[in-house]
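Heavy atoms only: backbone and side chains are in, while hydrogens, waters and symmetry mates are out.
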Amino acid sequence: MSLAPLLDAAPAIPVHAFAAMAAFVLGIVQFAAPKGTLPHRAIGWIWVLLMLGVAGSSFWIHKIKLWGPWSPIHLLSIFTLIMVPLGVWRAHRHRVIDHRRIMIGVFSGALVVAGLFTLLPGRIMHAVVFGH
């Protein structure tokens, strides 16, 4: 395992990857910690900012080009930029079940599933984890 391929990439890629890794770790903490507490809300706001950073930074990454500079992952980024604030709004309105469903969905889709795709051969994170 070596961070060299990630650190040698265009600046948006390490920003995107480190924000995603931090969001993943904080997401796991959120699942395990008590809900509705001040720490849950504080960590939640950090997670929200990280996820907005992950989604936003993806628009400067153009490794897979299907439609001009864009790829299906950019659709996931748009979806994330819509759903994360919606999840926050649901929590603010005390619609806890909706909040939970949205945030688990974003975590599962935008971090876990998308993260697994970064481990495919030829991708930078594959080189980081498994070597060249």
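Judged as a side chain to side chain contact (heavy atoms under 4.5 Å, CB included), and not counting sequence neighbours, the contacts of L6 are L3, I13, P14, A17, F18, M21, I124, M125, V128. Under the salt bridge (charged side-chain N to carboxylate O under 4.0 Å, His left out) criterion, D8 pairs with no residue at all, not counting sequence neighbours. Partners of P72 according to the side chain to side chain contact (heavy atoms under 4.5 Å, CB included) rule, which considers only residues two or more places apart in sequence or in another chain, are L66, W67. For H94, the ring pair (Phe, Tyr, Trp, His ring centres under 6.0 Å) criterion is met by no residue, not counting sequence neighbours. Partners of H126 according to the side chain to side chain donor-acceptor pair (under 3.5 Å) rule, which considers only residues two or more places apart in sequence or in another chain, do not exist here. Residues satisfying the ring pair (Phe, Tyr, Trp, His ring centres under 6.0 Å) criterion with W45, sequence neighbours excluded, are absent altogether. For A12, the side chain to side chain contact (heavy atoms under 4.5 Å, CB included) criterion is met by W60, I61, not counting sequence neighbours. Every residue two or more places apart in sequence or in another chain that forms a side chain to side chain contact (heavy atoms under 4.5 Å, CB included) with L50 is listed here: A19, A22, A23, L26, I46. Looking at residues two or more places apart in sequence or on another chain, you find no salt bridge (charged side-chain N to carboxylate O under 4.0 Å, His left out) involving R41. Residues satisfying the ring pair (Phe, Tyr, Trp, His ring centres under 6.0 Å) test with H74, not counting sequence neighbours, are F59, H62, W70. In this structure, the salt bridge (charged side-chain N to carboxylate O under 4.0 Å, His left out) partners of R95, at least two apart in sequence or on a different chain, are D98.
Closest approach of L76 to A114, counting heavy atoms only: CD2-CB, 3.8 Å. Taking each heavy atom of V88 and M103 in turn, the nearest pair found is N-CE, 3.7 Å. Closest non-hydrogen pair, H16 versus V54, comes out as ND1-O, 2.8 Å. Across all their heavy atoms, L81 and G56 have their closest contact at CD2-N, 4.4 Å. Nearest approach of A110 to M51, heavy atoms of both residues: CB-CE, 3.8 Å. Closest approach of V15 to S57, counting heavy atoms only: CG1-CB, 4.5 Å.
Remark: S58 OG to L75 CG distance equals 10.0 Å, nearest 0.5 Å. The structure places CD1 of I43 at 9.5 Å from CG of L38, a figure rounded to the nearest 0.5 Å. I102 contributes atom CD1, which lies 11.5 Å from atom CD1 of I82 (distance to the nearest 0.5 angstrom).
Between F24 and F107, the ring-plane angle classifies as parallel under the 30° and 60° cut-offs.
For residues 116-130, no residue pair satisfies the salt bridge (Lys or Arg N to Asp or Glu O under 4.0 Å) rule, not counting sequence neighbours.
Follow the hydrophobic side-chain contacts under 4.5 Å out from V112 and you reach V48 in the same cluster. A chain of hydrophobic side-chain contacts below 4.5 Å, direct or via other Ile, Leu, Val, Met, Phe, Trp or Tyr residues, connects V106 to V29. Cluster annotation: V84 is not connected to L49 through the hydrophobic network of ILVMFWY side chains, with a link wherever side-chain heavy atoms come within less than 4.5 Å. Note on L119: it clusters hydrophobically with I28, by side-chain heavy-atom contacts below 4.5 Å among ILVMFWY residues. Cluster membership check: F31 shares its hydrophobic cluster with L116, using side-chain heavy-atom separations under 4.5 Å among Ile, Leu, Val, Met, Phe, Trp and Tyr.
Counted within 6.0 Å of CG on L120, heavy atoms from surrounding residues, nucleotides or ligands total more than 12; the atom is thus considered enclosed.
When atom types are taken as modelled, the side chain of T118 and the backbone of G115 share a donor-acceptor pair closer than 3.5 angstrom.
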